[in-house]
Amino acid sequence: MTLRKVNVVILLLLAVAFLIIVQRNLLNLGDILHMETPDASLPFESELSPELRLESVRKGEEIPVLITAVEERLGAVVAAMNSVYQNSKANVVFTIVTLNDTVDHLNVWLSNTRLKNVKYKIVIFKPELLNGKIAKDTQPLEAAKPLTFARFYLPVFIPEAEKAIYLDDDTIVQGDIQELYETNLKPGHAAAFSDDCDSASAKGIIRGAGNQNNYIGFLDFTKDAIKKLGMRANTCSFNPGVIIANLTEWRNQNITRQLEHWMELNTQEDLYSKTLAESITTPPLLIVFYKRHSTIDPMWHVRHLGTTGAGNRYSLQFVKAAKLLHWNGHYKPWGRTSSFSDVWEKWFIPDPTGKFNPVRKHTGYN
């Protein structure tokens with residue numbers, strides 16, 4: 001009997017020990033699971049900056065956006081990039097085409113401001129690429145500056161992409177760039193533009209330039225090379241300040257070489273209109289893409305904000321509702337006399353080097 005009691009006690013002790021071991025193992029397992037699935041309210045999570053939180057969700061298909069950066073207009077580039085970045089959670093990757101003298105300033109501006117988490121690459125444009133393609137008498141024009149032709153070389157600067165967006169630096173994006181990127185291009189079309197006869201941007205006469213809403217405002221229809229194309233002079237023109245490009249079609253159709261051909265021919269035969277007042281990059285594009293381009297939603301390219309009377313042309317409510325604003329024309333929003341400069345200034349980021357300052361009335365800006 002005594003032996004049996006001892007055995008029972010031993011068994012009870014073993015059972016208790018077993019239960020203690022199991023309990024400890026379960027507690028340890030709970031600790032392990034807690035470590036692998038941390039509480040979302042932990043301090044390190046809440047301390048993430050808004051930029052880092054946004055960056056963490058920027059996955060999926062890359063949206064390539066090309067923009068050019070001229071030293072004296074660098075504030076415009078930064079404002080445009082900021083507007084794109086802050087208004088979208090898409091995985092935007094900027095390609096910034098510039099010249100050597102701008103690289104250091106640009107890197108400082110981007111790395112020392114709220115744009116430090118933006119994905120971008122800088123590509124140096126070689127002006128010699130344009131040798132023999134620009135008439136000598138157009139060199140003094142603003143439009144003859146080499147970076148304005150970067151849009152002709154989209155597949156060169158973004159070789160890995162099948163589709164891309166080009167933006168002029170004097171634009172502000174107020175909508176989600178993903179929507180613009182998803183613009184439908186018709187089969188066989190290498191690009192989409194905004195037609196100048198659409199309802200959102202005013203028609204009319206640009207002072208001293210003639211009618212800039214149709215082809216005759218850009219091309220000389222008395223020249224044989226233009227006549228042979230069979231284009232209608234009153235065809236609605238388009239604005240190349242915003243381009244959605246199907247780069248696969250662009251490559252297959254050798255669009256870049258076609259554009260270069262018309263640039264070269266113009267230096268020999270003077271094919272552009274005598275009343276031309278806008279960018280000399282437009283005429284070759286009008287020829288190559290004549291009735292062979294898709295269209296952009298008018299609200300995704302509200303333009304002429306840099307021309308005389310823009311303040312009377314659009315209401316403030318309309319400007320705020322627009323998804324993309326373009327200050328094409330002589331009056332820029334970082335200058336003294338532009339309309340709706342306060343809308344642009346919302347996206348401007350001050351230059352940490354102090355080199356670039358918007359010109360403003362009744363302020364401390366110079």
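All figures in this text were calculated on a predicted structure; none of them were measured in a lab. Numbering of residues begins at 1 and proceeds along the displayed sequence.
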As a quick check of understanding, evaluate side chain to side chain contact (heavy atoms under 4.5 Å, CB included) for T281 and R151, giving each step before the final call.
CA-CA 9 Å; T281 58; R151 72 199 85 187; 3.9 Å; yes
Dump the intermediate steps for salt bridge (charged side-chain N to carboxylate O under 4.0 Å, His left out) on E128 and K133, then the final yes or no.
CA-CA 10 Å; E128 56 266 28; K133 301 179 181 71; over 6 Å; no
Tell me if a side-chain donor or acceptor on [X] pairs with a main-chain N or O of [Y] at a distance below 3.5 Å.
X	Y	result
W327	S341	no
R313	H304	yes
Q258	I287	no
N239	G241	yes
S338	G306	no
E264	L259	no
T98	A69	yes
S273	L219	no
D351	F356	yes
N82	V78	no

Can you get from M231 to F193 by hopping between Ile, Leu, Val, Met, Phe, Trp and Tyr side chains that sit under 4.5 Å apart?
yes
Is V156 reachable from L99 through a run of hydrophobic residues whose side-chain heavy atoms are each under 4.5 Å from the next?
yes
Using side chain to side chain contact (heavy atoms under 4.5 Å, CB included) as the criterion, point out the one residue from I177, V65, L115 that pairs with Y85.
L115
Before accepting this row, confirm whether a basic side-chain N of the pair [X]/[Y] lies closer than 4.0 Å to the acidic partner's carboxylate O.
X	Y	value
E179	K323	yes
E160	K121	yes
E249	R292	no
K89	D176	no

Is there a donor in the side chain of [X] and an acceptor in the side chain of [Y], or the other way round, less than 3.5 Å apart?
X	Y	result
N214	S237	no
T171	H326	no
T307	H330	no

Decide yes or no for [X] and [Y]: does some side-chain heavy atom of the first lie under 4.5 Å from some side-chain heavy atom of the second?
X	Y	result
T248	E162	yes
P240	T282	yes
I216	N234	no

Given ring pair (Phe, Tyr, Trp, His ring centres under 6.0 Å), test Y215 with F221 step by step and report yes or no.
CA-CA 9 Å; Y215 271 53; F221 278 78; 7.1 Å; no
Results of side-chain hydrogen bond (donor to acceptor under 3.5 Å, both in side chains) for D169 - residues two or more places apart only
R73
Step through it carefully: locate the ring centre of F348, locate the ring centre of W344, and say whether they are under 6.0 Å apart.
yes
Strictly under 6.0 Å, is that where the ring centroids of Y120 and F94 end up?
no
So which pairs with a foot in residues 244-274 pass ring pair (Phe, Tyr, Trp, His ring centres under 6.0 Å), sequence neighbours left out?
W250-F289
Going by ring pair (Phe, Tyr, Trp, His ring centres under 6.0 Å), name the pairs with one or both residues in residues 150-184, residues two or more places apart or in two chains.
F149-F152
Show your working on side chain to side chain contact (heavy atoms under 4.5 Å, CB included) between V242 and D168 and close with a plain yes or no.
CA-CA 6 Å; V242 177; D168 271 357; over 6 Å; no
